[in-house]
Novice: 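I'd like to ask you about the structure that follows.
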Amino acid sequence: ILATLGPASSAAGILRRMMLCGLDAVRLNFSHGTPETHLGNARLVRALNKKYRRHMRVLQDLKGNRIRIGLLKAPIALKKKQAVTLVQSMTAPEPGEIPFDYRGSLKVIKKGHFIFIDDGSIALEIKAAPGRDTIKCEVAAGGILKERKGVNIPLARLDFPLLSAEDRSDIEFGLALDCDFIAQSFVRSRAEVAAVSRLVKPRLPGCKIIAKIE
């Protein structure tokens with residue numbers, strides 16, 4: 001049983017009750033929170049393990065190469081068959097446009113590809129070849145779109161590094177925390193797993209690496 005630690009579950013009394021109910025490991029989500037928060041949570045887990053002779057594990061969950069919706073003035077209600085335009089920007093330049101923070105070339109994204117937002121709850125079908133910094137789409141599955149939600153374009157080979165500079169820095173922090181597991185998000189190839197392994201295994205051989213399948 002794996003539990004993400006957040007504002008509702010980081011108090012010692014609550015985590016103790018979760019542990020006594022059978023919690024095996026805690027997830028430190030590095031897409032949110034601060035290093036100080038994650039350090040405090042890891043120390044709390046270790047203190048509870050020592051006091052109650054348990055062995056809860058600590059899992060560090062890296063951000064990975066993630067795309068997010070930019071900043072919106074208000075949530076947007078998207079209806080099926082509605083035409084929308086995605087723009088490479090942190091804010092929408094024009095009314096009706098949806099900003100997203102991917103900075104790579106759009107040439108690898110083709111007409112007919114699907115874009116999934118918010119863990120797939122919203123789906124867009126690309127209706128024309130992308131422009132220099134815009135993608136014209138039609139809503140295939142509607143919903144309420146909120147800012148900073150994750151974006152996935154599974155059929156496109158997007159231009160990302162094996163490991164972002166932010167993930168490299170977070171791995172260093174995870175090694176200092178002596179994490180039991182390090183999970184990489186949005187894994188696309190064995191090379192990305194190997195890149196994490198090369199940083200982790202020489203210094204923390206017992207740490208297990210997890211490839212998250214999105």
Side-chain angles (χ1 to χ4, degrees), residues 1-69 101-103 116-120 148-152 154 158-214:
I1 300 173
L2 174 69
T4 300
L5 293 191
S9 55
S10 295
I14 294 174
L15 185 55
R16 173 184 172 275
R17 292 200 296 273
M18 293 166 67
M19 177 190 72
L20 295 176
C21 287
L23 184 64
D24 298 300
V26 302
R27 170 178 172 257
L28 307 180
N29 182 4
F30 274 65
S31 292
H32 302 284
T34 64
E36 293 75 20
T37 299
H38 296 313
L39 176 61
N41 284 335
R43 286 175 172 171
L44 176 59
V45 169
R46 303 271 161 61
L48 289 171
N49 281 341
K50 184 176 181 180
K51 183 175 181 178
Y52 294 98
R53 297 183 181 180
R54 298 295 178 111
H55 195 49
M56 284 188 293
R57 310 297 179 102
V58 175
L59 181 148
Q60 178 190 32
D61 191 353
L62 303 172
K63 294 183 181 72
N65 290 309
R66 183 164 192 167
I67 308 171
R68 290 185 183 274
I69 294 296
D101 66 3
Y102 177 62
R103 290 292 174 264
F116 298 99
I117 303 172
D118 194 8
D119 296 326
R148 307 304 295 152
K149 291 298 182 181
V151 177
N152 202 317
L158 300 176
D159 184 20
F160 285 126
L162 290 178
L163 267 181
S164 69
E166 197 168 10
D167 278 349
R168 288 180 182 275
S169 175
D170 286 343
I171 286 172
E172 288 295 322
F173 192 78
L175 292 172
L177 288 181
D178 196 23
C179 289
D180 300 288
F181 302 95
I182 293 180
Q184 179 61 300
S185 302
F186 298 99
V187 171
R188 298 170 299 163
S189 69
R190 61 184 291 177
E192 292 176 343
V193 179
V196 177
S197 181
R198 284 193 294 271
L199 290 178
V200 173
K201 292 298 185 178
R203 294 167 56 188
L204 206 59
C207 181
K208 306 296 184 183
I209 297 170
I210 295 172
K212 291 173 63 185
I213 307 302
E214 309 288 347

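What's counted below: heavy atoms across the whole structure, side chains too, no hydrogens, waters or symmetry copies.
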Novice: Measuring from Gln184:CD to Leu162:CG, what's the distance to the nearest 0.5 Å?
Specialist: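 So the gap between those two atoms works out to 10.0 Å.
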
Novice: Quick one: pull up CG in Leu5 and CG in Leu28 and give me the separation to the nearest 0.5 Å.
Specialist: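 Leu5 atom CG to Leu28 atom CG measures 6.0 Å (nearest 0.5 Å).
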
Novice: Between Leu48 and Met56, is there a side-chain heavy-atom distance shorter than 4.5 Å?
Specialist: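 The answer is yes, as the side chains (C-beta and beyond) meet within the 4.5 Å cut-off.
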
Novice: Is it true that a side-chain atom of Asn65 and a backbone atom of Pro161 form a donor plus acceptor pair closer than 3.5 Å?
Specialist: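 At least one qualifying donor-acceptor pair exists.
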
Novice: Please say whether more than 12 non-hydrogen atoms of neighbouring residues, nucleotides or ligands are located less than 6.0 Å from CZ in Arg190.
Specialist: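 Check fails, neighbour count at 12 or below.
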
Novice: Within the structure provided, determine whether Leu44 and Val26 are in side-chain contact (heavy-atom separation under 4.5 Å).
Specialist: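 Result no, sub-4.5 Å side-chain heavy-atom pair not found.
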
Novice: Run the side chain to side chain donor-acceptor pair (under 3.5 Å) test against Arg57 and tell me which residues pass, sequence neighbours left out.
Specialist: His55

Novice: One thing to verify: whether Asp101 and Arg148 come together as a salt bridge, which I'm taking to mean a side-chain N less than 4.0 angstrom from a carboxylate O.
Specialist: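 Yes, Arg148 and Asp101 are salt-bridged.
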
Novice: Counting only heavy atoms not in Arg43, do more than 12 fall under 6.0 Å of its CZ?
Specialist: no

Novice: Arg203: which residues meet the side chain to side chain donor-acceptor pair (under 3.5 Å) condition with it, sequence neighbours left out?
Specialist: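 Arg203 satisfies side chain to side chain donor-acceptor pair (under 3.5 Å) with Glu172 only.
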
Novice: Check whether any side-chain heavy atom of Leu204 lies under 4.5 Å from a side-chain heavy atom of Ile182, and answer yes or no.
Specialist: no

Novice: Under the salt bridge (Lys or Arg N to Asp or Glu O under 4.0 Å) rule, collect the residues that match up with Lys63, sequence neighbours excluded.
Specialist: Glu166, Asp170

Novice: CZ of Arg66 to OG of Ser164: how many Å apart, nearest 0.5 Å?
Specialist: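 That separation rounds to 13.0 Å.
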
Novice: I want to check something: taking the side chain as every heavy atom from C-beta on, are Val200 and Leu175 in contact at a cut-off of under 4.5 Å?
Specialist: yes

Novice: Does one side chain, of Asp61 or Ser185, offer a donor that lies under 3.5 Å from an acceptor on the other?
Specialist: yes

Novice: Once you round to the nearest 0.5 Å, how far does CG of Asp167 lie from CD of Glu192?
Specialist: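 These two atoms lie 10.0 Å from each other.
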
Novice: Using distance only, find each side-chain donor-acceptor pair of residues 9-23 under 3.5 Å and give its atom names and separation, not counting sequence neighbours.
Specialist:
{"residue": "Ser9", "atom": "OG", "partner": "Thr4", "partner atom": "O", "Å": "3.3"}
{"residue": "Ser9", "atom": "OG", "partner": "Gly6", "partner atom": "N", "Å": "3.0"}
{"residue": "Ser10", "atom": "OG", "partner": "Gly6", "partner atom": "O", "Å": "2.7"}
{"residue": "Ser10", "atom": "OG", "partner": "Asn41", "partner atom": "OD1", "Å": "3.3"}
{"residue": "Arg16", "atom": "NE", "partner": "Tyr52", "partner atom": "OH", "Å": "2.7"}

Novice: Sequence neighbours left out, what passes side chain to side chain donor-acceptor pair (under 3.5 Å) with Thr37? Give chain and number order.
Specialist: Thr34

Novice: Using a 4.5 Å cut-off on heavy atoms from C-beta on, say whether the side chain of Phe186 contacts that of Asn152.
Specialist: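 The answer is yes; the side chains approach within 4.5 Å.
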
Novice: Within this structure, what is the CG-CG distance for the pair Leu62 and Leu163, rounded to the nearest 0.5 Å?
Specialist: 8.0 Å

Novice: How close do Pro202 and Ser197 get, counting heavy atoms only, and between which atoms?
Specialist: CD-O, 3.7 Å

Novice: Using ring-ring contact (aromatic ring centres under 6.0 Å, His included) as the criterion, list what pairs up with Tyr102, not counting sequence neighbours.
Specialist: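 Checked Tyr102 against ring-ring contact (aromatic ring centres under 6.0 Å, His included); matches are Phe160.
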
Novice: Donor-acceptor pair, Asp24 side chain versus Ile1 backbone, under 3.5 Å?
Specialist: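 Yes, the answer is positive, given that a donor and an acceptor are paired below the 3.5 Å cut-off.
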
Novice: So does Cys207 get a backbone contact from the side chain of Lys201, meaning a donor-acceptor N/O pair under 3.5 Å?
Specialist: yes

Novice: Provide the closest heavy-atom pair for Leu177 versus Arg46 in the form atom of the first, atom of the second, distance.
Specialist: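 Scanning both residues completely, I find the closest heavy atoms to be O-NH1, 3.0 Å.
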
Novice: Taking atom NZ of Lys208 as the centre, report whether more than 12 heavy atoms of other residues, nucleotides or ligands fall under 6.0 Å from it.
Specialist: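 Count not over threshold, so no.
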
